[in-house]
Amino acid sequence: MMSLCPVCNLTLPLPQIQSHVNAHFEEIDPQIANDHYLALQLASDPSSSLKEAPFLDPVNKTDPFPRNDDVVRSQTKSPFYRVGNGGLICLLKNCLLESKTKPLESNTSLLSGYVDHFQSTKEDKGWGCGWRNIQMQCSHLLSRRDQEEAKRVLFGGCNFVPDIPSLQRWLELAWKSGFDVSGGLHFDNRIYGCKRWIGTTECAALLRSFGLRARVVDFAPEKSKSMYLSVPGSSVAPKRRAYGPMDRYVVKKEKEVDSRGASSSRSSKGAVLMEWVWNYFSDNRLDVSSGVHITNKGPLYFQHEGHSRTIVGIQRRLQGTTFTPQYNLLILDPADFTRGIEKALVDKRGWEGYLKRGAHTLTCPEYQILYVDNGIAVGEELEQLKTIDSHFVQF
């Protein structure tokens, strides 16, 4: 049964109409208006976490894959809590500016531009973090005034961040178009309506299908070099090593020999990752002054075993007479409630527990980061982007 949207006069299947109409109104409370349509799809089968729930085109039921125009017409804006006072990044900047410093200490913080926080709901708790981080990444891309071309191609030019079911359809379309073929086979090319974990490679495939230059970087020990990081959806076969734009953020360190003659790195794995993130946000500049700076860099999709988050900046403290650097990642976690983050930032109390993560917290054996370079790929470059390669950085 079909129904007519009273706002835009779009005709949609009846189960979709409620969430579609709600999406027209930004003041919607995300605690009440969750992804209703996804819940309806999953409620019909309690074991759907292990099964596919393919989208069937109402016109051509022989093709379970959505066509581009089908996805554009049926996609729904994701409800989320909109933070006031200029957004979370603006509130975070104010907190960092008022952070106390110790004697002989210099603080510098580098932040991405605007990012909306998309929290997990009861419908996607435990499996939806990857989708929520994609939404955060896209909220930044759609907010940038210098990325009009990206706005034009992203999600058919709708200029909003779609909900999880819509993103699932876009990912299926990316696989059908030849992006990350091996990753699509891992899911049997079906993800719509499924409670399945996704990772960095799925994010890359989805964004690259729009021509966005999504780059993947693996951080792992030398022994993992032949396989690179394994995340849900990754190809089992080794990825070819890539040399390109991400190289400029890698600090090449010489090895030193310890007293037992074994080769060891001068930096811990936490420091290696932190330095890469610092070089990314600073664009390898050495003359970054102290204070808090909004950069022209986008946020980072940050994957590790069992979870993913979004890095929106980094803080560096130079301490003591030797000015030894100490870093803190500034992270948005989809598992946190947006209202709680906002209140902590507005009150300037407890916000560090939400957002700051030091090198000592980086205890996982492997990590993976995705970032998006400026511009839109076409022609041969777009064809090359169909293969999800990555750059390997050794801990």
Side-chain angles (χ1 to χ4, degrees), residues 88-89 91-112 115 117 129 133 136 200 217-221 229 249-251 253 264-282 284 288-295 297 299-337 340-341 344-345 347-371 393-395:
L88 285 177
I89 300 300
L91 291 174
L92 175 57
K93 179 182 179 181
N94 294 336
C95 288
L96 289 166
L97 284 170
E98 296 188 19
S99 296
K100 295 180 179 179
T101 59
K102 300 177 182 178
L104 299 177
E105 181 179 85
S106 173
N107 284 355
T108 304
S109 298
L110 305 176
L111 300 175
S112 72
V115 180
H117 179 256
C129 59
N133 288 304
M136 290 190 227
T200 315
V217 186
D218 285 302
F219 297 83
L229 182 60
Y249 307 125
V250 178
V251 177
K253 296 183 176 293
S264 63
S265 173
R266 291 178 179 174
S267 299
S268 68
K269 64 181 180 181
V272 170
L273 192 147
M274 291 285 193
E275 288 176 0
W276 189 96
V277 173
W278 174 265
N279 290 334
Y280 168 78
F281 280 105
S282 67
N284 274 333
V288 180
S289 60
S290 60
V292 183
H293 306 276
I294 303 292
T295 71
K297 295 293 185 179
L300 299 168
Y301 185 110
F302 185 42
Q303 176 81 45
H304 53 83
E305 185 178 4
H307 194 40
S308 61
R309 296 169 287 174
T310 295
I311 299 173
V312 296
I314 187 168
Q315 180 188 54
R316 183 182 70 178
R317 292 183 173 181
L318 298 178
Q319 297 178 315
T321 56
T322 59
F323 290 101
T324 303
Q326 181 183 36
Y327 296 101
N328 287 303
L329 295 177
L330 302 170
I331 288 179
L332 291 177
D333 192 330
D336 293 327
F337 290 106
I341 301 173
L345 290 170
D347 295 343
K348 296 182 172 65
R349 185 171 64 249
W351 63 271
E352 295 97 335
Y354 280 107
L355 290 136
K356 290 175 69 171
R357 296 293 181 269
H360 66 282
T361 66
L362 301 177
T363 58
C364 292
E366 299 171 325
Y367 291 91
Q368 197 169 49
I369 279 177
L370 176 144
Y371 68 96
V393 177
Q394 181 183 332
F395 281 150

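Computed from a prediction, not measured in an experiment: that's the story for all the values here.
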Side-chain heavy-atom pair [X], [Y] within 4.5 angstrom cut-off:
X: V312; Y: I331; value: no
X: L362; Y: M274; value: yes
X: E275; Y: Y327; value: yes
X: F281; Y: V277; value: yes
X: K93; Y: I89; value: no
X: I369; Y: Y280; value: no
X: S282; Y: K297; value: no

Roughly how far apart are [X] [atom1] and [Y] [atom2], rounded to 0.5 Å?
X: L92; Y: I294; atom1: CG; atom2: CD1; answer: 8.0 Å
X: H117; Y: L88; atom1: NE2; atom2: CG; answer: 7.5 Å
X: T310; Y: L370; atom1: OG1; atom2: CG; answer: 10.0 Å
X: L355; Y: L332; atom1: CG; atom2: CG; answer: 5.5 Å
X: Q394; Y: D218; atom1: CD; atom2: CG; answer: 13.0 Å
X: Q303; Y: C129; atom1: CD; atom2: SG; answer: 6.5 Å

For [X], enumerate each residue passing the side chain to side chain contact (heavy atoms under 4.5 Å, CB included) test, keeping only those at least two apart in sequence or located in another chain.
X: D333; value: H307, R309, A335, D336
X: A344; value: W351, Y354
X: T361; value: R357

Please say whether more than 12 non-hydrogen atoms of neighbouring residues, nucleotides or ligands are located less than 6.0 Å from CD in E352.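 Yes - once you tally the heavy atoms of other residues, nucleotides and ligands closer than 6.0 Å, there are more than 12.
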
Using the test side chain to side chain donor-acceptor pair (under 3.5 Å), find all partners of [X] that sit at least two apart in sequence or belong to another chain.
X: S109; answer: none
X: Q326; answer: Q319
X: K356; answer: Q315
X: S112; answer: none

Over all atoms of both residues, closest heavy-atom pair of M136 and V115: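 Minimum heavy-atom contact is O-CG1, 3.8 Å.
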
Where do N133 and S308 come nearest, in terms of heavy atoms and distance?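 The answer is ND2-OG, 2.8 Å.
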
Could you give me the CA-CA distance, side-chain angles and deciding distance for T108 and H293, then say whether side-chain contact (heavy atoms from CB on, under 4.5 Å) is met? CA-CA 8 Å; T108 304; H293 306 276; 4.1 Å; yes

In terms of relative ring orientation, are F302 and Y367 parallel, tilted or perpendicular, with 30° and 60° separating the classes?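 It falls in the parallel class, under 30°.
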
